[in-house]
2 protein chains.
Amino acid sequence: MVKETLSGPAAAEMELGTVLRALSDEHRRAVMVELAADEEDRERTCNSFDLPISKQTQTHHFRALREVGLICEIDYGNRKGIRLRRSDIDVRFPGLLGILAAEARKPEHAHG
Amino acid sequence: MVKETLSGPAAAEMELGTVLRALSDEHRRAVMVELAADEEDRERTCNSFDLPISKQTQTHHFRALREVGLICEIDYGNRKGIRLRRSDIDVRFPGLLGILAAEARKPEHAHG
DNA sequence: CATCAGGTACGACACGCATCGTACCTAGGA
DNA sequence: TCCTAGGTACGATGCGTGTCGTACCTGATG
């Protein structure tokens with residue numbers, strides 16, 4: 001019941017290089033595309049993204065996204081919540097989330 | 001005197017993953033930041049970017065930028081011209097060049 | 001033709017990092 | 001208390017790729 005929120009750098013301290021490198025990985029980008037496409041910014045769980053990789057690797061990727069400032073993680077002890085830092089990203093890199101959200105509307109990303 | 005233009009994929013065929021990977025390298029990103037910041041879209045030479053790397057590595061990077069669709073190269077035989085594919089990028093990834101151009105206005109990128 | 005500068009081709013190397021195996025931690029429920 | 005599911009820590013590994021050395025090509029200049 002600790003609910004400690006883990007955040008990365010402040011909006012102004014985000015670096016374009018590290019952000020782009022984080023987004024160059026297909027699995028991390030898939031996570032960000034889903035988050036960017038959700039206009040309601042719902043909190044997600046790690047499992048809800050259906051990543052075809054092991055638990056350890058998921059930990060690695062979510063940590064990477066957090067450390068560059070794209071998401072924050074809420075620690076519930078035995079599970080974790082994922083939240084997009086939409087307002088911070090919109091301030092620091094306006095247009096970035098729009099590019100990602102557009103990917104969710106491309107045919108090859110339609111899962112239903 | 002051949003002046004053959006080498007281009008990558010068409011605008012619609014550009015892939016976000018490969019584009020972001022190309023931009024995750026600091027030297028390629030430095031090139032793109034300069035190109036994006038020039039509102040007149042002047043043709044550049046490879047040397048004009050003052051990259052602190054060898055000729056061979058520059059060839060490698062410019063080829064990478066061309067193959068993902070960000071620039072086109074004009075082959076003059078014993079030298080090469082570099083052009084930003086601004087309109088194609090603006091169609092496929094609106095906002096991307098704005099993010100890059102904003103980097104040119106950051107203090108740590110001020111060279112003069 | 002000789003020379004030179006810009007650029008490419010090929011190969012080699014070193015480092016980063018995505019991935020996973022094993023082991024351990026945390027909270028909730030039976 | 002034990003079990004289970006979600007998550008982390010640490011180490012090992014394999015691949016991608018940024019980098020450069022050497023050699024060669026191209027066009028301009030003298």
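Lettering of chains follows the sequences in order, A, B, ..., and the numbering in each one begins at 1. Because the structure is predicted, anything quoted here is derived from the model rather than measured.
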| request: Round to the nearest Å and state the distance from B:L51 atom CG to D:dC20 atom P. | output: 11 Å
| said: What is the separation between atom CD on A:E43 and atom C1' on D:dG6, rounded to the nearest whole Å? | reply: 15 Å
| task | Apply salt bridge (Lys or Arg N to Asp or Glu O under 4.0 Å) to B:R42 and list each qualifying residue two or more places apart in sequence or on a separate chain. | result | B:D38, B:E40
| request: Using the test side chain to side chain contact (heavy atoms under 4.5 Å, CB included), find all partners of A:R83 that sit at least two apart in sequence or belong to another chain. | output: A:E43, A:C72, A:I74
| request: Evaluate the side-chain proximity of B:L23 to B:V68: yes if any heavy-atom separation is below 4.5 Å, no if none is. | output: no
| field | Distance in angstrom units between B:R28 CZ and D:dG18 C1', rounded | value | 8 Å
| query | Can you name the side chain to side chain contact (heavy atoms under 4.5 Å, CB included) partners of B:S48, sequence neighbours left out? | reply | B:R44, B:T45
| Does a side-chain N or O from A:N47 land closer than 4.0 Å to OP1 or OP2 of D:dA5, or not? | no
| Partner residues of B:H60 under the side chain to side chain contact (heavy atoms under 4.5 Å, CB included) criterion, sequence neighbours left out | B:R28
| query | Applying salt bridge (charged side-chain N to carboxylate O under 4.0 Å, His left out), which residue pairs with at least one partner in residues 59-73 of chain A are found, sequence neighbours left out? | reply | A:R66-A:E73, A:E73-A:K80
| task | Take atom CG of A:D75 and atom P of D:dA9, then tell me their distance rounded to the nearest Å. | result | 10 Å
| Who pairs with A:T57 by side chain to side chain donor-acceptor pair (under 3.5 Å), at least two apart in sequence or on another chain? | A:S54
| task | Report yes if the side chains of A:H61 and A:Q58 come closer than 4.5 Å at any heavy-atom pair, otherwise no. | result | no
| Interatomic distance where CD belongs to A:E4 and C1' belongs to D:dT8 [whole Å] | 14 Å
| query | To the nearest Å, how far apart are B:K80 NZ and D:dA28 P? | reply | 17 Å
Atom pairs, protein N/O to nucleotides 22-26 of chain C N/O, distance under 3.5 Å:
from	atom 1	to	atom 2	distance (Å)
C:dT22	O4	A:Q56	NE2	3.3

| Of all residues at least two apart in sequence or in a different chain, which pass the side chain to side chain contact (heavy atoms under 4.5 Å, CB included) check with A:E13? | A:P9, A:A10
| said: Within residues 57-73 of chain B, which residues have any heavy atom lying less than 4.0 Å from an atom of DNA chain C? | reply: B:T59, B:R63
| field | Atom-pair distance (CG on A:D25; C1' on C:dA18), nearest Å | value | 7 Å
| field | Between D:dG7 (P) and A:F49 (CZ): distance, integer Å | value | 11 Å
